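Here's the structure we're looking at; comments come further down.
Keep in mind that what you see is a predicted model, and the values were worked out from it rather than measured. Throughout, protein chains are lettered first and strands after them, A, B, ... in sequence-line order, and every chain is numbered starting at 1.
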Amino acid sequence: MRQLTLDVFLRGEVERSRVASVGSSGVSESQSGVGVVEDKPELISEFKFEIKEPRDTGQCYLLSVVYDGKSRRALVKLYDPECDDIYFWYDNTGHKPYFLVDIPPDKVKQMSKVVGHPAFDHVEVVEKYDLLEDRRRVMTKIVVKDPKAVAVLREYFPKAWEAKIKYHDNYIYDRGLIPGMLYRVENGSLVPVDPEIPEDIVKSIEEVFDEDSRSLAREWLPIFQTPPPNLKRVALDIEVYTETREHIPNPIKAEEPVVSVAFAGSDGYRRVLILLSEKTIRNGIGEPPETLPKDVWIEFFDNEKAMILEVFRVINKYPVLLTFNGDNFDLNYLYHRALKLGISRSEIPLSITEDGSVRILKGVHLDLYKFFENRAIQVYAFGDKYKEYTLDAIASVFLGVRKIQLDASIAELTLSELASYNFRDSYLTLSLTTFDDNLVMKLIILLMRISRLSIEDVCRLKVSSWIRNLFYWEHRRRGYLIPLSEDIIERKGTAVTSATIKGKKYAGAIVIKPETGVYFNVVVVDFASLYPSIIKKWNLSYETVNCPHEECKANRIPETKHWVCLRRRGLTAEITGLLRDFRVKLYKKLSKRKDLPKHEREWYDVVQRAMKVYINASYGVFGADTFPLYCPPAAESVTAIGRYTIKKTISKAQEMGLNIIYGDTDSLFINNPKPEQLQKLIEWVSSELGLDIEVDKEYRYVAFSGRKKNYIGVLKDGTVDVKGLVGKKRNTPEFLKKAFNKVIDVLRDVKDKDEFDRAIAKIKDIVRECYEKLKFKELTLDELAFKTTLSKNVEEYTKNIPPHVKAAKMLISVGKHVSAGSIISYVKVGSKVGVKPIQLAKLDEIDTSKYIDYIKTTFKQVLDALNIELEELMGTSKLELFLK
DNA sequence: ACGAGTAAATC
DNA sequence: GATTTACT
């Protein structure tokens with residue numbers, strides 16, 4: 001075998017003694033005269049980081065707080081933009097955990113079990129405003145010594161408030177701090193640093209907000225105007241030795257060695273550490289592939305423990321560590337593998353919290369998988385651009401670069417291939433935070449500021465927690481009592497409308513059934529963010545719906561028995577309204593202003609996106625029973641007013657002679673409107689309903705199949721909107737999607753009624769070709785596969801067994817690993833069970849008749865709209881015969 | 001751990 | 001009719 005030297009790899013700097021030379025036959029003497037790494041104990045002390053305290057002068061961004069209730073000390077992690085490093089600020093605050101009760105303090109003091117308990121500290125009297133009852137309340141604050149004792153002492157009180165708020169959140173509230181904001185240390189405390197705000201933005205507050213919102217708007221302005229830090233960060237990705245591609249290493253057991261670790265830093269750091277062992281070197285080094293950039297620094301270790309210690313050292317050099325699924329895999333594996341190799345806990349700069357997330361001791365860890373998996377981020381921040389939560393899928397959407405495609409297991413790769421594969425992953429992970437001028441990092445910083453959550457929490461928690469945290473913060477700041485969920489339900493009751501869908505809690509939106517057919521020149525008008533606007537306009541909030549005042553009861557909410565308060569401003573209405581106005585009237589406009597520098601415009605665009613996430617989720621959370629401020633009457637009031645609004649608008653439009661052909665929730669499809677009629681309608685809605693409608697789309701034509709949420713529309717610019725048709729659904733077989741897309745392409749070119757005839761002829765050909773391919777088995781199994789997500793583990797399907805679960809069971813019986821979240825690819829076969837996973841199926845087993853049914857339903861939706869009979873299209877008896 | 005409504009396939 | 005999935 002050819003002796004390969006490391007020269008090909010060492011295009012970067014050669015570092016110390018960790019470089020070895022390898023041949024395909026094993027480790028040999030190094031080219032550069034340095035030896036192979038030994039297990040060096042002195043490496044261990046290297047990664048222990050010093051705790052740096054902030055400089056006396058200078059400004060730091062607040063990133064995270066670790067509150068230690070036992071020592072009554074908060075460890076505040078600050079990012080110093082001048083030296084790109086983390087500083088710690090210890091606040092020996094004396095801040096103790098507590099909860100509130102509605103028992104007078106003297107009574108509490110008589111409770112010997114409480115006062116005598118070792119965890120008891122003292123009681124204080126506090127005054128809170130009870131929004132549910134609209135009155136002041138004097139309450140007793142029971143302060144405890146040990147956070148764990150909150151739960152113990154609570155047992156003596158039937159009702160306790162604020163007992164479940166996390167201590168570090170508590171600390172942030174009580175200190176009035178906002179994560180993500182800029183502070184300086186002064187006289188032992190953190191003092192906010194006010195940003196410079198352009199004159200015209202300050203002025204616009206007067207125009208944008210009404211009088212009672214202005215002071216709040218001014219308080220919020222620094223949140224959006226403080227420039228974001230550009231956090232220095234490094235992405236990490238590890239590869240674990242696996243024999244087969246299917247085998248997923250277990251991070252808790254951590255049985256196999258970590259064979260490669262790649263880093264990609266925002267400062268240009270690019271490095272791969274590779275383990276040389278009998279297992280990894282058996283395929284040799286190989287030629288470095290083109291996919292491995294020339295400036296990546298590759299290092300070889302012959303000792304896994306030394307390599308992992310080096311990884312820990314690098315982690316500690318950076319204030320922010322990025323991973324893609326590091327909570328579940330990479331960091332978890334490193335942690336357990338380190339323990340397994342005899343590295344002691346104190347030498348591992350990671351800790352795993354109760355909820356399974358990994359914290360790093362010095363800096364902060366961001367798991368981008370968790371961030372991109374967040375539905376609110378996916379839908380509202382990125383417009384549903386990516387559909388799958390894999391590094392490959394997300395990177396290809398945002399970066400246009402994919403993972404390196406492997407058709408072998410880690411065990412079968414040469415070391416060059418391994419390095420290249422591993423590096424690409426870490427590079428993609430870093431790039432997910434750097435594309436579009438660090439868009440994702442900016443978004444995270446803004447979400448921290450709006451939700452008042454630490455950087456790790458904002459990435460790990462979902463939108464309901466973000467909103468909850470902002471609400472709690474606002475309650476405490478204003479001295480409002482944070483209500484108990486059961487008190488909201490008791491006072492406000494449950495929903496009074498009934499849902500159309502069984503199992504849902506209340507009635508939702510209206511969908512108008514469209515008449516089948518093709519309509520030319522269709523204008524779509526819609527209500528600009530309908531539900532948030534309703535919340536603002538109608539003063540909706542958990543405390544204002546069904547308020548305790550007699551005089552408000554006449555202020556009814558249409559279609560319900562509910563009423564809404566006239567006396568007090570609703571908190572939800574205020575906050576949602578504030579963010580809505582900021583977004584629509586200020587930041588959306590700023591983001592489009594060409595006279596501003598590019599980076600400023602881009603920042604304003606991120607600002608309006610972050611607001612969008614919040615605004616759009618503000619209705620949904622009040623209808624979610626898991627939300628601590630869950631309030632069904634408030635949620636159903638929103639949808640009820642939505643129905644009322646759209647009904648009113650439709651009848652007005654019809655009065656005016658407009659032809660409404662379809663509508664869904666907040667949109668109306670109008671056939672052939674005169675522009676002046678539209679203008680009149682828009683003005684009427686604004687003056688009579690106090691809401692804004694706008695022209696959203698103009699279709700050259702729309703083809704309705706007659707089903708709701710199911711149509712094809714061609715916009716004036718030729719863009720085709722396909723809504724709800726099976727041909728577009730993710731689980732339909734690829735050959736059908738292809739044929740369907742061809743049909744769409746034909747429809748795109750149709751300009752007027754006459755062109756339909758020609759289009760129909762083309763569509764006929766496409767459908768026929770599709771049939772023939774199936775008939776003559778000119779399709780691959782892949783093209784025939786239905787790809788359905790397994791939403792639960794197979795054993796949890798008890799009520800019935802859908803086809804994809806049957807296929808999944810067959811996979812398990814041959815030893816394949818499938819679990820909740822796996823996408824099962826299966827085909828329809830002639831056997832008794834009727835399905836087979838593609839891995840086990842053969843092309844000649846395919847049940848053609850089942851597929852013919854699918855072809856029919858797919859195209860029927862299109863053909864219904866075009867008023868063509870399917871049979872007419874097939875025409876010949878050839879197919880009829882075929883069906884038998 | 002955001003909501004409800006619609007369509008389709010399958011048991 | 002109930003369950004499950006994918007979509008609005």
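Within 4.0 Å (heavy atoms only), A:K806 reaches sugar-phosphate atoms of the nucleic acid but no base atom. Within 4.0 Å (heavy atoms only), A:G508 reaches sugar-phosphate atoms of the nucleic acid but no base atom. Counting non-hydrogen atoms under 4.0 angstrom, A:Y854 reaches the backbone sugars and phosphates but no base. A:A509 comes within 4.0 angstrom of the backbone, heavy atoms only, and of no base. Here A:S465 lies in heavy-atom contact (under 4.0 Å) with sugar-phosphate atoms only. Nucleic acid contact class of A:I801 (heavy atoms, under 4.0 Å, all strands): sugar-phosphate only. Among the protein residues, A:Y506 comes within range of the sugar-phosphate backbone only, with heavy atoms under 4.0 Å from sugar or phosphate atoms but none that close to a base. Within the nucleic acid shown, A:A507 comes within 4.0 Å of sugar-phosphate atoms alone, with no base atom in reach, counting heavy atoms only.
A side-chain donor-acceptor contact under 3.5 Å links A:D721 and A:Y699. Side-chain N/O atoms of A:S849 and A:D847 include a donor and acceptor closer than 3.5 Å.
As rounded to whole Å, 16 Å separates atom C1' of B:dA8 from atom NZ of A:K708. When rounded to the nearest whole Å, the span between OH of A:Y662 and P of B:dG5 equals 14 Å. Straight-line distance from the NZ atom of A:K860 to the P atom of B:dA9: 11 Å, rounded to whole Å. Across the protein-nucleic acid pair, A:N469 atom CG and B:dA1 atom P stand 13 Å apart, rounded to whole Å. Rounding to whole angstrom units, CG of residue A:D853 and P of B:dA8 are separated by 14 Å. As a whole-Å value, the separation of A:K504 NZ from B:dT6 P is 12 Å. As rounded to whole Å, 6 Å separates atom P of B:dA4 from atom OH of A:Y619. When rounded to the nearest whole Å, the span between CD1 of A:I512 and P of B:dT6 equals 12 Å.
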Exercise. Which nucleotides of nucleotides 1-8 of chain C have their base under 4.0 Å from a protein heavy atom (B), which only their sugar-phosphate (S), and which neither (-), written as one string 5' to 3'?
Worked result: --SSSBSB

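Considering only residues two or more places apart in sequence or on other chains, A:E783 meets the salt bridge (Lys or Arg N to Asp or Glu O under 4.0 Å) condition with A:K738. Partners of A:N710 according to the side chain to side chain contact (heavy atoms under 4.5 Å, CB included) rule, which considers only residues two or more places apart in sequence or in another chain, are A:S705, A:R707, A:L725, A:Q861.
Summary of the strand contacts: A:F627 and A:V511 both lie near DNA chain B, and taking for each the nucleotide with the nearest heavy atom, the more 5' one is attributed to A:F627.
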Problem set entry | Residue pair A:L131, A:H475: steps toward the side chain to side chain contact (heavy atoms under 4.5 Å, CB included) verdict | CA-CA 10 Å; A:L131 287 175; A:H475 272 80; 3.8 Å; yes

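Counting only heavy atoms from C-beta on, A:I501 has its side chain closest to B:dG5 among B:dG5, B:dA8, B:dA1. Nearest nucleotide to the A:T500 side chain, out of B:dA7, B:dG5, B:dA4: B:dG5.
Under a 3.5 Å cut-off, the side chain of A:K537 and the backbone N or O of A:L691 do not form any donor-acceptor pair. The main-chain N or O of A:V722 is found under 3.5 Å from a side-chain atom of A:K728 such that the two form a donor-acceptor pair.
Between A:T626 and B:dA1 there is no side-chain N or O to OP1 or OP2 distance below 4.0 Å. Listed pair A:T665 / B:dA4 fails the phosphate criterion, with no side-chain N or O lying under 4.0 Å from OP1 or OP2.
Taking CZ of A:F471 as the start and OG of A:S451 as the end, the distance is 12.5 Å to the nearest 0.5 Å.
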